[in-house]
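A quick write-up on the structure given underneath.
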Amino acid sequence: MIDIKLLRSNPEMVKENLRRRFEDTGIVDEILEYDMLWRRTLKDIESLRHLRNQKSLEIGKLVKKEKDVGPLKEEMRNINTKIKTLEVDMENYKNMRDTLLMRLPNMLMEDTPICEGEENSPVLRTWGVAKVLGEMVESFKKHAPGMKYNVITQRATSHVDILEKYDLADISRAAKVAGARFYYLKNQLVLLELSLLRFALDKMVKKGYVPVSPPLMLRHTAMEGVTDFSAFEEMIYKIEGEDLYMIATAEHPLVAMYMNEILDERDLPIKYVGVSPCFRKEAGAHGKDTKGIFRVHNFYKVEQVIFSKPEDSPKFMEELIDNAEDIMRALKLPYRVINICSGELGAVAAKKYDIEVWMPAQQKFREVVSCSNCLEYQARRLKIRYRKGNELQYVHTLNSTALATTRTMVGIIENYQEEDGIRIPEALVPYTGFDFISFS
RNA sequence: GCCGGGGUAGCCAAGUGGACUACGGCGCCAGCCUUGAGAGCUGGUCCCCAUACGGGGGCGGGAGUUCGAAUCUCCCCCCCGGCGCCA
């Protein structure tokens, strides 16, 4: 949430921010209009309440002297009626203002590129060696300037085919019992999934992050604090008949953890690594990645979350993305890091890096990691503050994938293919206990 | 799920219908004092409106009774204890 005081004092700045996100600016004036009405009504109410308080004291004194207070009481009833009427208006104005305010996206950081379209997000760096089809080389070079590659003559087999053919997953039966975008993992893939989770967790714990296994459902107030409005429509599952929502990432329960709390300055930074299943409706994704396990309704993810002092959050964002890259490098998956265009950013993030792994079957880079600095946007919604000297300040919150199982497995299946099976990345072998998934 | 006890500011804690301006303590911040630290003293330390003077609201959340509610009533949430159920 944006500070209403910023809107009052500098609406043009907020409008400019919306323009940079390629969004309509009308909402700013709308909010200010309701804010003005709210303040005006509040003032009227407060002067009436002042009057009430004075009269009430007077009545108290008169009652003690056993004098008649009948007429005064009558007057009070009138005042109270007036207040009640005005209070209804005031509530309406305030609700209108706050509902709109909650929809206003975060202020962008200065180094968020101003552009539209995911394909225009600048590439910050690349790592590893990509397997590129001869006819795709020119396009590859455009998408990953300077990145090393080997030319291959035959496209790698899609993970979708490998999964079903070699009994590593049963997607059609999952569709029978649950619908599209579900899956049964089987055999060594189950062990690979668990190995990936533990591998990523171990890496993060070594770096001083505190491991957390969070609640998988949240109340509306908590969820509303961490996500934007559209997420409820497009992403979040609701439990019928209860005030509970399934988490779409461990970021949600981890960030909401300190809702309505005041931290001490010396508690910061707080660094968590969460591990949890993630549940997503994928409502806005009809027709995209309809097969396989790339885009699914539930998967496991290891997630990093940091609560920091405002001045430290840019530094920690670099730390988070480096942690995630470190995991990709350990798995030897070729990737690029992009700085997401302002036009593609969600409402909550002020800046976002994605890691995209090169997928040799698709001959494309695909997102496997997302790293965001949310500044004080979530903290303000959730009232997470810390005491700095004598004043209270909002913390900054940051989050980043450490490792998401399904997409990472797709990356491994497509990048580690050999004639007769899938090689297991060396770093994982101590966890899996096997180094090869054989096709025979 | 049932019965009982509880929830007051960052923490502890008093207050059970009108002098509550929510007592007091701890912690924290600023100033005085000190060579420095500590102790001591003074002031400050929830939110909102207002440039300010000032005003309004806050006692787990919401609704109500009353001229007036931390205090009385109802609903909900959470914590502690006991009983029941359960992987």
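Every chain is numbered from 1, with letters handed out A, B, ... down the list of sequences. What you see is a predicted model, and the numbers here were worked out from it, not measured in a lab.
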Distance, rounded to the nearest Å, where [X] contributes [atom1] and [N] contributes [atom2]:
X      : N      : atom1 : atom2 : result
A:L244 : B:rC77 : CG    : C1'   : 12 Å
A:E58  : B:rG68 : CD    : P     : 15 Å
A:D243 : B:rC78 : CG    : P     : 10 Å
A:E265 : B:rG27 : CD    : C1'   : 15 Å
A:N260 : B:rC77 : CG    : C1'   : 13 Å
A:L263 : B:rG27 : CG    : C1'   : 16 Å
A:K84  : B:rA63 : NZ    : C1'   : 11 Å
A:I79  : B:rG68 : CD1   : P     : 10 Å

Would you say a side-chain N or O of A:N53 is under 4.0 Å from OP1 or OP2 of B:rG56?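 Checking B:rG56 against A:N53, a side-chain N or O does come within under 4.0 Å of OP1 or OP2.
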
Is any NZ, NE, NH1 or NH2 atom of the basic residue among A:R181 and A:D289 found under 4.0 Å from an Asp or Glu carboxylate oxygen of the other? no

Within the structure shown, what part of the strands sits under 4.0 Å from [X] by heavy-atom distance: base, sugar-phosphate, or nothing?
X      : result
A:R266 : nothing
A:R387 : base
A:L392 : sugar-phosphate

[atom1]-based separation of [M] from [N] [nearest Å]:
N      : M      : atom1 : result
B:rG61 : B:rG84 : P     : 35 Å
B:rC85 : B:rC3  : C1'   : 16 Å
B:rC48 : B:rC41 : P     : 33 Å
B:rA13 : B:rG17 : C1'   : 22 Å
B:rU16 : B:rG7  : C1'   : 16 Å
B:rU21 : B:rG58 : P     : 14 Å
B:rA22 : B:rG44 : P     : 13 Å
B:rA19 : B:rC32 : C1'   : 33 Å

Donor-acceptor pair, distance only, cut-off 3.5 Å: does the side chain of [X] make one with the backbone of [Y]?
X      : Y      : answer
A:R21  : A:N106 : yes
A:T405 : A:Y300 : yes
A:R423 : A:Y416 : no
A:D170 : A:K186 : no

Using a heavy-atom distance cut-off of less than 4.0 Å, which residues of residues 43-52 of chain A contact RNA chain B?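 Only A:E46, A:R49, A:H50, A:R52 qualify.
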
Both conditions, 6.0 Å and 45 degrees, for the charged tip of A:R219 above the ring of A:Y245: are they met here? no

What's the closest nucleotide to the [X] side chain, out of [options]?
X      : options                : result
A:W38  : B:rU65, B:rC48, B:rC46 : B:rC48
A:R77  : B:rC78, B:rU65, B:rC67 : B:rC67
A:R39  : B:rC77, B:rA50, B:rC48 : B:rA50
A:R385 : B:rC49, B:rC47, B:rG68 : B:rC47

For A:R19, I'd like to know if atom CZ has over 12 heavy atoms of other residues, nucleotides or ligands within 6.0 Å. yes

Verify the neighbour count for atom NZ of A:K207: are there more than 12 heavy atoms of other residues, nucleotides or ligands below 6.0 Å? yes

Given pairs defined as Watson-Crick or G-U wobble with both distances under 3.5 Å, what dot-bracket annotation applies to RNA chain B, with ( ) intrastrand, [ ] crossing, | other strand and . unpaired? ((((((((.[[[..)..(.....]]]((((((.......))))))((((....))))..[[[[[..)....]]]]])))))))....

Provide the closest heavy-atom pair for A:I412 versus A:L333 in the form atom of the first, atom of the second, distance. N-CD2, 4.0 Å

Residue mapping more 5' on RNA chain B - nearest nucleotide basis, A:S56 or A:D264: A:S56

Results of side chain to side chain contact (heavy atoms under 4.5 Å, CB included) for A:S195 - residues two or more places apart only: A:Y431, A:T432

Any chance the side chains of A:R39 and A:Y93 put a donor and an acceptor closer than 3.5 Å?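 The answer is no; no qualifying pair exists.
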
